[in-house]
Amino acid sequence: MSPGNPTDIAEDVFSQDDNIFANRQLLNIGHVPNPDRIVGRDDEIRKLAEQLRGAIDGHAPDNVIIYGKTGTGKSLVSKYVMTRAQETAESAVSIGTVYLDCSEDNTETQAVSSLARRLNQQDITGTAVPPTGLSTAKYYKHFWEIIDAQFDVAIIILDEVDLLANDDLLMKLSRAEEADKVDCHIGIIAISNKIQYAEDLNERVKSSLRHKELFFQPYDATQLRDILQNRTDAFQTDVLTDDVVPLCAAFAAQEHGDARKAIDILRHAGKIAYKQGAKMVTEAHVREAQQYAEKDRFRELIDGAPTQAKTILMALAELSLNAEAEAFPTRKVFEQYQLICKQIGMDELTERRFRDILKEQAFLGIVEIHKKNQGLAGGVNLENRLIEDPEIVKDILREDNRMNGWHD
DNA sequence: CCTCCACTGGAATGTGAGGCGT
DNA sequence: ACGCCTCACATTCCAGTGGAGG
């Protein structure tokens with residue numbers, strides 16, 4: 001490529017024919033495929049539908065807690081069954097449906113606020129719900145009024161419930177009917193990837209929730225292959241070499257059967273091929289994409305994180321690279337953190353706060369923490385280890401402007 | 001089975017921003 | 001304009017923890 005004037009370059013890029021992708025949307029993460037494209041989840045769909053059965057006649061549906069690792073189709077199946085229920089309901093029965101991602105609204109107030117606003121149809125209820133500013137109790141009041149005015153049954157999906165700060169929301173939702181707050185029946189589908197979630201629940205919540213449980217097993221390599229095969233029409237005909245799909249499936253199966261990951265890799269492979277102006281997507285593209293997807297996943301995890309959290313991770317990465325050990329006591333990491341703070345001219349947090357942030361990172365799956373007891377003179381301490389390759393972590397953290405002042 | 005140590009993590013409290021109702 | 005609410009983030013204080021080694 002000869003260095004020409006910028007206008008030509010831009011034109012080149014824009015006018016480049018897309019000879020790889022036909023319909024890229026099919027590979028987007030949030031994309032809900034047609035039912036005939038949902039692979040290997042027939043059992044799960046049937047079981048979930050049985051729980052919601054009551055709803056279509058206007059009775060109370062059962063509450064369900066769904067377990068399964070990421071990318072096993074939990075959200076997909078729930079959304080699908082929920083919409084089907086709404087569509088097939090008796091004409092006299094009006095069903096309201098909401099999907100709430102608790103990782104976004106992770107406090108009780110935010111969650112009710114979102115639920116109320118999403119279900120509210122102003123022309124029927126005549127009220128508007130402000131996004132913030134009200135007390136929690138008022139949001140509940142709004143919410144009860146809204147569902148009562150509009151629906152016979154409300155089905156609520158709470159995705160990633162384990163990220164909710166406490167159980168109060170579940171408690172109040174499941175108690176609403178007995179407490180005569182509402183006439184509308186409420187069905188809750190709670191989705192969690194922590195198996196012990198229900199065990200950790202408050203006894204009172206458990207008894208009023210009276211939930212059924214549903215487990216989603218990871219996809220096996222064959223199912224992953226089918227899933228990908230079902231989406232190959234995102235590409236132009238005959239651009240995928242034969243080993244592309246099986247290889248993507250194999251990479252994802254190695255992890256834990258994560259369909260999202262499989263699709264991610266496939267999409268990236270396509271993008272890479274496109275960028276290179278290749279005619280076909282090959283095995284090499286897939287291998288490159290796999291590495292890229294790894295970085296991407298991590299970048300997504302920490303992108304929105306506050307600078308303090310990033311600095312803490314940087315400290316841990318730095319230690320991992322320079323020392324022979326893999327895991328480090330909190331004190332050590334804190335000292336390294338203080339060092340970095342000084343260099344980039346950032347305020348230092350107290351050690352107590354530092355510990356909390358580090359623990360948050362563990363919850364997010366970025367670091368791993370083990371308790372260690374040195375006995376007589378050592379006392380109790382925690383050992384922190386980066387899960388991701390420290391090189392990758394460092395690379396990505398360096399993308400943050402605040403880290404510019406940092407050099408080793 | 002008891003002791004001992006240094007770190008852990010719960011609780012109380014403060015600050016500042018965002019936003020509603022009157 | 002004012003009072004009142006919640007939430008996010010941070011600090012301060014300190015009782016509790018738990019396994020190696022006696």
Side-chain angles (χ1 to χ4, degrees), chain A residues 100-118 120 122 125-146 158 160-173 196 200 202 301-316 319 323 325-342 344-364 366-385 400 402:
Chain A
L100 184 75
D101 185 350
C102 301
S103 63
E104 278 166 36
D105 300 302
N106 51 10
T107 68
E108 192 188 357
T109 319
Q110 279 174 30
V112 210
S113 155
S114 285
L115 288 178
R117 267 180 304 125
R118 289 203 201 155
N120 190 23
Q122 271 199 48
T125 58
T127 48
V129 183
T132 62
L134 298 189
S135 69
T136 315
K138 285 188 184 163
Y139 275 118
Y140 275 112
K141 214 174 234 168
H142 267 121
F143 183 60
W144 304 140
E145 280 169 17
I146 286 168
L158 300 173
E160 316 219 36
V161 256
D162 39 309
L163 295 184
L164 273 182
N166 57 44
D167 310 336
D168 292 353
L169 177 69
L170 277 179
M171 175 81 169
K172 294 201 173 109
L173 285 179
Q196 348 80 304
D200 297 345
N202 191 318
L301 264 180
I302 61 161
D303 222 12
T307 316
Q308 289 288 4
K310 289 183 181 170
T311 312
I312 290 172
L313 289 174
M314 184 59 110
L316 191 51
L319 280 176
E326 271 216 307
F328 307 89
T330 313
R331 176 44 67 63
K332 266 260 173 62
V333 187
F334 184 62
E335 280 162 11
Q336 180 73 30
Y337 157 79
Q338 287 178 310
L339 220 72
I340 298 179
C341 280
K342 282 207 186 72
I344 67 175
M346 192 175 64
D347 293 343
E348 285 171 26
L349 296 175
T350 49
E351 196 175 346
R352 182 65 186 82
R353 179 68 187 136
F354 173 88
R355 281 203 297 270
D356 275 347
I357 295 183
L358 202 50
K359 213 178 162 189
E360 263 168 50
Q361 305 311 306
F363 185 71
L364 292 174
I366 300 175
V367 301
E368 194 178 64
I369 297 183
H370 273 299
K371 209 169 206 166
K372 207 177 167 190
N373 195 320
Q374 317 262 47
L376 205 57
V380 181
N381 58 359
L382 300 183
E383 299 237 288
N384 308 277
R385 187 180 73 83
D400 193 296
R402 285 298 298 268

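Below, chain A is the first sequence line, B the second, and so on; all start at residue 1. Since the model is a prediction, treat every value here as computed from it, not as a measurement.
Val129(A) has its side chain within reach of Ile146(A): a pair of non-hydrogen atoms, C-beta onward, lies under 4.5 Å apart. Within the 4.5 Å cutoff, no side-chain heavy atoms of Lys372(A) are placed close to those of Val380(A). Contact annotation: the side chain of Asn381(A) never approaches that of Thr330(A) to less than 4.5 Å [non-hydrogen atoms, C-beta and beyond]. Using a 4.5 Å heavy-atom threshold, the side chains of Asn384(A) and Phe328(A) count as separate. By the 4.5 Å heavy-atom criterion applied to side chains, Tyr140(A) and Leu169(A) are counted as neighbours.
Nucleic acid contact class of Glu348(A) (heavy atoms, under 4.0 Å, all strands): sugar-phosphate only.
Between Arg352(A) and dA10(C) there is no side-chain N or O to OP1 or OP2 distance below 4.0 Å. Look at Thr330(A) and you won't find any side-chain N or O under 4.0 angstrom from OP1 or OP2 of dC7(B). The side chain of Gln374(A) contributes no N or O atom lying less than 4.0 Å from OP1 or OP2 of dG21(C).
A straight line from CZ of Phe354(A) to P of dT11(C) spans 13 Å, rounded to a whole angstrom. The distance between atom CE of Met346(A) and atom C1' of dC9(C), rounded to the nearest whole Å, is 14 Å. Summarising the geometry, the separation between NZ on Lys359(A) and P on dT8(B) is reported as 11 Å, rounded to the nearest angstrom. Rounded to an integer number of Å, the gap from CZ of Arg353(A) to C1' of dA10(C) is 6 Å. Rounded to whole Å, atom P of dA6(B) lies 10 Å from atom CZ of Arg331(A). Going from atom CG of Leu382(A) over to atom C1' of dG19(C) covers 15 Å, rounded to whole Å. Here dC7(B) presents its P atom at 17 Å from CG of Asp356(A), a figure rounded to the nearest Å. Whole-Å rounding puts the Glu360(A) CD to dA10(C) C1' distance at 12 Å.
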- Glu351(A)/Tyr337(A) under side chain to side chain donor-acceptor pair (under 3.5 Å): CA gap, chis, key distance, verdict: CA-CA 10 Å; Glu351(A) 196 175 346; Tyr337(A) 157 79; over 6 Å; no
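Considering only the side chain of Leu349(A), dT11(C) comes nearest among dC7(B), dG19(C), dT11(C). Taking only side-chain atoms of Asn381(A), from C-beta outward, the nucleotide of dC7(B), dG18(C), dC7(C) with the closest atom is dC7(B). Distances were taken from every side-chain heavy atom of Lys371(A) (C-beta onward) to each of dC9(C), dG9(B), dT12(C); the shortest belongs to dG9(B).
Ion pairing between a basic and an acidic side chain is recognised when a charged N comes within 4.0 Å of a carboxylate O; Lys371(A) and Glu383(A) show no such pairing.
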- Counting primed atoms, P, OP1 and OP2 as sugar-phosphate and everything else as base, the B/S/- map of nucleotides 13-22 of chain B against protein heavy atoms under 4.0 Å is ------SSS-
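Position along DNA chain B of the nearest nucleotide to Arg355(A) versus Gly379(A) favours Gly379(A) as the more 5'-ward residue.
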